[in-house]
Amino acid sequence: MSTFSKSNFKTLNYNSFRPHYPPSFYKILINYIQKGSNQTSLPINKAIDLGCGTGVATYPLLNFVKNVIGLDLSPSMIETANSLKNRRLEELGIVNDNSGDNGNLKRIQFKVGSVEEFVNNQQSGIESNSIDLITAAQCIHWFQDYPLFFENSSKLLKKGGTLAYFYYIDPMIVDFQGPFKSSLNKEELIKQIYELYLKYAYNDPNLIGPYWEQPGRSILKNYCEKVNSYIPKNLYENIEINTFTTNIETKLPNDLKDLDMKKLKISIMDYIGYFETYSGFHNYKEKTGNENLLKKEFLKELLELTGWNLEFTTIDLVWNTGYTFLRKK
Ligand SMILES: C[S@@+](CC[C@H](N)C(=O)[O-])C[C@H]1O[C@@H](n2cnc3c(N)ncnc32)[C@H](O)[C@@H]1O
């Protein structure tokens with residue numbers, strides 16, 4: 001998947017506008033890890049976060065893993081991940097101690113490289129049967145050759161070790177605060193807003209839809225069912241698959257079991273900022289030269305539809321999500 005590794009991809013914007021995985025999700029993951037191992041105490045020893053990007057899911061692993069490696073094929077993502085070290089450790093409340101062999105900065109390392117080389121072709125240089133946890137957040141849909149990936153991930157994992165992949169797909173505005181002007185009632189209006197989002201993201205052949213790299217985006221949109229279909233049952237057990245689909249009636253996920261991705265009361269411009277981090281939008285911009293599709297055209301249609309006010313309106317955004325956890329036999 002090459003869009004994220006293009007030198008003009010804005011990795012700092014990516015880090016600011018993308019949602020982060022909530023503490024409730026790491027609790028679900030920790031419960032799963034502990035259920036399957038003899039070791040009930042934390043921290044576990046070693047984790048690898050594949051397709052780590054700017055380290056969104058990598059840094060929080062330090063809360064329950066001693067040593068973490070983040071791997072990504074994009075040099076600019078890794079540069080940003082490294083540049084955020086001090087800030088992220090501070091945010092996580094981890095003392096930023098660089099002294100001695102066990103200094104906290106040394107507990108996390110980022111490497112440039114592809115999953116295909118590192119895992120599939122076994123070029124990691126990491127001992128077999130030595131890893132407690134492999135994560136792949138919002139990226140498994142880009143990987144090549146799932147049979148080989150599952151086989152060689154299991155070689156890196158210790159017996160009882162966990163492979164966890166998780167992802168979020170489309171966000172839906174489920175509620176908003178502030179006045180609106182429309183002949184529709186609030187629920188109907190929210191459905192229309194989602195239709196407008198879908199038109200820009202996928203459905204109109206003149207907009208972002210044709211610019212997604214495939215088959216990655218389709219795999220993701222189908223809740224990674226294709227990836228799940230390759231899980232080898234002879235190598236993994238306790239397969240746990242969870243998906244959550246947003247709708248206006250249920251509104252919020254159940255944070256005890258779902259990957260609960262939401263941003264509440266955000267500004268309209270933050271919503272647009274998130275939409276602008278889509279790799280499909282990056283490709284659209286490059287091919288058409290139109291930088292303003294979302295900031296101007298989408299925004300104009302959105303405001304016409306809703307009568308919202310850029311200064312006062314806030315919106316509640318909830319993502320469709322999913323995760324799969326596997327334990328090495
Ligand atoms: C949408 S970002 C997710 C980043 C981060 N894990 C997160 O949750 O925000 C996808 C990342 O996967 C990386 N990626 C895609 N395919 C990859 C591969 N085959 N090997 C290594 N990294 C890959 C991209 O460079 C990009 O940084």
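Owing to the predicted nature of the structure, the values given are computational and were not obtained by experimental measurement.
- Between E151 and K155, at least one side-chain nitrogen of the basic residue sits less than 4.0 Å from a carboxylate oxygen of the acidic one, meeting the salt-bridge criterion.
- Within the 4.5 Å cutoff, the side chain of R88 has no heavy atoms near those of the T58 side chain.
- Annotation: side chain of I193 is not in contact with side chain of Y197 (no heavy-atom distance under 4.5 Å).
- Looking at heavy atoms from C-beta onward, L29 lies in side-chain contact with F325 at the 4.5 angstrom threshold.
- Residues R107 and I94 form a side-chain contact, since some pair of their non-hydrogen atoms from C-beta on lies under 4.5 Å apart.
- Annotation: cation-pi geometry satisfied between K186 and F176 (NZ/CZ under 6.0 angstrom from ring centroid, within 45° of ring axis).
- Closest non-hydrogen pair, V174 versus N247, comes out as CG1-O, 4.4 Å.
- Side-chain N or O atoms of Y146 include one that pairs as donor or acceptor with a backbone N or O of I140 at under 3.5 Å.
- Between the side chains of T245 and N320, not a single donor N or O lies within less than 3.5 Å of an accepting N or O.
- Nearest heavy atom pair, residue F244 against residue L252, reads CZ-C, 3.9 Å.
- Using a cutoff of 4.0 Å between basic side-chain nitrogens and carboxylate oxygens, K199 and E195 are not scored as salt-bridged.
- The only option from I48, T162, V68 that meets the side chain to side chain contact (heavy atoms under 4.5 Å, CB included) definition with L133 turns out to be T162.
- Taking the six-membered ring for Trp and the full ring otherwise, Y200 and F281 have centroids separated by 6.0 Å or more.
- Between N309 and P179, the closest side-chain pair of non-hydrogen atoms is not below 4.5 Å.
- At most 12 non-hydrogen atoms from other residues, nucleotides or ligands lie less than 6.0 angstrom from NZ of K46.
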Take Y26 and N63 through the test side chain to side chain donor-acceptor pair (under 3.5 Å) and record every step on the way to the result. CA-CA 9 Å; Y26 292 100; N63 284 323; over 6 Å; no
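- The environment of NZ in K300 is sparse: at most 12 heavy-atom neighbours from other residues, nucleotides or ligands sit within 6.0 Å.
- When all heavy atoms of L220 and Q138 are compared, the closest pair comes out as CD2-NE2, 4.0 Å.
- Geometrically, K221 engages Y202 in a cation-pi contact, judged by NZ or CZ lying under 6.0 Å from the ring centre and within 45° of the ring axis.
- The main-chain N or O of I108 is found under 3.5 Å from a side-chain atom of K85 such that the two form a donor-acceptor pair.
- Counting non-hydrogen atoms of neighbouring residues, nucleotides and ligands closer than 6.0 angstrom, the CD atom of Q214 exceeds 12 such neighbours.
- Inter-residue side-chain proximity for F143 and V227 is flagged as unmet; no heavy-atom pair is nearer than 4.5 Å.
- There is a side-chain donor-acceptor pair under 3.5 Å between Q177 and D316.
- Geometrically, R217 engages Y278 in a cation-pi contact, judged by NZ or CZ lying under 6.0 Å from the ring centre and within 45° of the ring axis.
- The residues D132 and K158 are annotated as salt-bridged, a charged nitrogen and a carboxylate oxygen being separated by less than 4.0 angstrom.
- Nearest heavy-atom pair across E213 and W142 is O-CZ3, 3.4 Å.
- For the pair V115/Q144, no side-chain contact is recorded, criterion being any heavy-atom separation below 4.5 Å from C-beta on.
- Atom OH of Y284 is separated from atom CG of L294 by 8.5 Å, given to the nearest 0.5 angstrom.
- For the pair E116 (side chain) and S114 (backbone), a donor-acceptor distance under 3.5 Å is absent.
- With hydrogens and angles disregarded, a donor-acceptor distance shorter than 3.5 Å links the side chain of N283 to the backbone of Y211.
- Looking at I239 and K233, their side chains come closer than 4.5 Å, going by heavy atoms from C-beta outward.
- One hydrophobic cluster holds both F275 and W308 under the rule that ILVMFWY side chains link at heavy-atom gaps under 4.5 Å.
- Checked for salt-bridge contact, E91 and R87 meet the test: a charged N lies under 4.0 Å from a carboxylate O.
- Side chains of Y230 and D145: a donor-acceptor N/O pair is absent below 3.5 angstrom, by distance only.
- A continuous path of Ile, Leu, Val, Met, Phe, Trp and Tyr side chains, each step under 4.5 Å between heavy atoms, connects L71 with I126, placing both in one hydrophobic cluster.
- The two residues L61 and A47 come nearest to each other via the heavy atoms CD1-CB, 4.2 Å.
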Test K66 against N45 for side chain to side chain donor-acceptor pair (under 3.5 Å), laying out the working first. CA-CA 5 Å; K66 274 188 211 148; N45 254 330; 3.3 Å; yes
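- In terms of heavy atoms, L259 sits closest to Y167 at CD2-O, 3.6 Å.
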